[in-house]
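Below you'll find the structure, written out as structure tokens, and then a few comments.
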Amino acid sequence: MAKAANLGASPPPERLIGYARVSPDDQFNDTQVDELRAAGCGRIHHEQGSGASSARPVLARLLVDLAAGDVLVIVSLDRLARSVSHLLDVIENLQKRGVHFRSLHDPIDTSTPQGILALQVLGSVVRLERAVLVERTKSGMKAAKARGKIAGNPGLRERRPEAIRAISLARERAYLEDLIASAPTWLPMVRQLRPQHSWENVVLILNRQGQDWTVERLRRAVHRMAREKLVEPELIARSPRRPPEHYLAQVVARIAIAEPDLSLRGIAARLDEMNERPSRGGRKWQPSSVRALLDDARRLGFMRS
């Protein structure tokens, strides 16, 4: 009878998380907060910044911390995105992670068929805008060439310092935006492993999940995020020279969490690749030693039983 009752039980309620942004000129965002609370948001994150600015640390941290089943709620689309393409990038990233998106003043709610349809229409508009822009750019370059003009930035050709600085700043902004957009796929694992584990070990585990990192690129990415105060500064601290107590149990737990289908022999192979020395001596890890470390990891709470 108990099983039958469970079958009819309603699914757990959605966890509504609000995000409110006000411009620097505004002093209050009570209206946004009131609407988000009325919509049922249990937590509301506040940010102050202009719509054109790419520096939104509160939003960046929120997007990383959202989990499957959460619903990100905003009052209107202009509170979240700088452009339609930016909006689509954010929503598509959330969808891949099982996070829904809802705008109170706009017909977009990715938990409903109507909301998905509206999102598809927006996607079509973005593709059209990109196609028109490419065509205009090609036509402009062709016309300029016919008039004898050289395509490109005159300031860069003449090596003007202000033009070089502008291009450098634009590239840095684009790099940071790419990091923020991709952070949900790699930052949670970095937070689990750093600084107790070396950058080499972190890269190895991330790449085993299908990613493509090098030590230099990952270290640069985390340092950049830390400089913008988007991640905890301890992530870039130096790894301890002496392994902490239960270090090997932690390593095995991380491997098992990252690759849950690995056998004991598979985990042993990963430990050999990471140049971790067997705790009981010998040159190569044995399944029995891995099993003992997994038992320790469960007992110490590093992974679930």
Take atom CZ in Arg217; do more than 12 heavy atoms of anything else shown fall under 6.0 Å from it?
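Atom CZ in Arg217 is packed in, count exceeds 12.
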Give a yes or no on this: more than 12 heavy atoms of other residues, nucleotides or ligands lie within 6.0 Å of atom CD of Glu234.
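Result for CD/Glu234: enclosed.
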Any link between Ile116 and Leu72 through a network of hydrophobic side chains (Ile, Leu, Val, Met, Phe, Trp, Tyr) touching at under 4.5 Å?
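Ile116 and Leu72: separate clusters.
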Look at the side-chain heavy atoms of Ile, Leu, Val, Met, Phe, Trp and Tyr, link any pair under 4.5 Å apart, and say whether Leu88 and Leu117 land in one connected group.
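The answer is no; the residues belong to distinct hydrophobic clusters.
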If you look at every heavy atom in [X] and [Y], which pair is closest and at what distance?
X: Trp186; Y: Gln211; value: CB-OE1, 3.5 Å
X: Ala297; Y: Ala249; value: CB-O, 3.6 Å
X: Leu66; Y: Ile17; value: CD2-CD1, 3.6 Å
X: Ile267; Y: Ala256; value: CD1-CB, 4.4 Å
X: Gly18; Y: Leu62; value: O-CD2, 4.5 Å
X: Val252; Y: Leu293; value: CG2-CD1, 3.6 Å

Distance from [X] atom [atom1] to [Y] atom [atom2], nearest 0.5 Å?
X: Glu200; Y: Leu218; atom1: CD; atom2: CG; result: 10.0 Å
X: His105; Y: Leu77; atom1: NE2; atom2: CG; result: 10.5 Å
X: Asp106; Y: Ile74; atom1: CG; atom2: CD1; result: 7.0 Å
X: Leu176; Y: Leu230; atom1: CG; atom2: CG; result: 6.0 Å
X: Thr214; Y: Arg219; atom1: OG1; atom2: CZ; result: 9.5 Å
X: Cys41; Y: Leu104; atom1: SG; atom2: CG; result: 7.0 Å

Is it the case that the side chain of [X] and the backbone of [Y] share a donor-acceptor pair, with hydrogens and angles ignored and the cut-off at 3.5 Å?
X: Asp272; Y: Trp285; result: yes
X: Ser182; Y: Asp178; result: yes
X: Arg194; Y: Ala237; result: yes
X: Arg61; Y: Lys229; result: yes

Quick one, Val33 with His46, criterion side-chain contact (heavy atoms from CB on, under 4.5 Å). Give me CA distance, side-chain angles, the key distance, then yes/no.
CA-CA 9 Å; Val33 172; His46 307 256; 3.4 Å; yes
side-chain contact (heavy atoms from CB on, under 4.5 Å) between Val222 and Met225, intermediate numbers included
CA-CA 5 Å; Val222 178; Met225 298 278 278; 5.7 Å; no
Salt bridge check, Arg224 against Glu172: does any charged N sit closer than 4.0 Å to a carboxylate O?
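So Glu172 pairs with Arg224 through a salt bridge.
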Salt bridge or not between Arg79 and Glu47? Use side-chain N to carboxylate O under 4.0 Å.
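Looking at Arg79 and Glu47, the cut-off is not met.
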Check: [Y] and [X] side chains under 4.5 Å, non-hydrogen atoms:
X: Val71; Y: Arg15; result: no
X: Leu264; Y: Leu294; result: yes
X: Val64; Y: Arg191; result: yes
X: Arg102; Y: Ile108; result: no
X: Phe101; Y: Asp70; result: no
X: Pro184; Y: Asn93; result: yes
X: Val190; Y: Leu206; result: yes
X: Val202; Y: Trp213; result: no

Could you list the residues that satisfy side chain to side chain donor-acceptor pair (under 3.5 Å) with Glu273, not counting sequence neighbours?
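For Glu273 the side chain to side chain donor-acceptor pair (under 3.5 Å) partners, ignoring immediate neighbours, are Arg208.
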Taking the inter-plane angle between the rings of His223 and Trp199 on a 0 to 90° scale, is it parallel (under 30°), tilted (30 to 60°) or perpendicular (over 60°)?
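The arrangement is tilted - the two ring planes meet at 30° to 60°.
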Candidate pair Leu80 and Arg21, rule side-chain contact (heavy atoms from CB on, under 4.5 Å), full reasoning
CA-CA 8 Å; Leu80 177 74; Arg21 180 184 62 79; over 6 Å; no
Is there a salt bridge (Lys or Arg N to Asp or Glu O under 4.0 Å) between Arg270 and Glu276 once you walk through the steps?
CA-CA 9 Å; Arg270 295 286 182 270; Glu276 296 292 351; over 6 Å; no
Taking the six-membered ring of Tyr175, is NZ or CZ of Arg220 closer than 6.0 Å to its centre and within 45° of its axis?
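Arg220 over Tyr175 ring: yes.
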Side chains of Gln95 and His100: any donor to acceptor distance under 3.5 Å?
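There is no such pair between these side chains.
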Leu59 and Ile180: CA distance, side-chain angles, deciding distance, side-chain contact (heavy atoms from CB on, under 4.5 Å) verdict
CA-CA 10 Å; Leu59 177 61; Ile180 292 172; over 6 Å; no
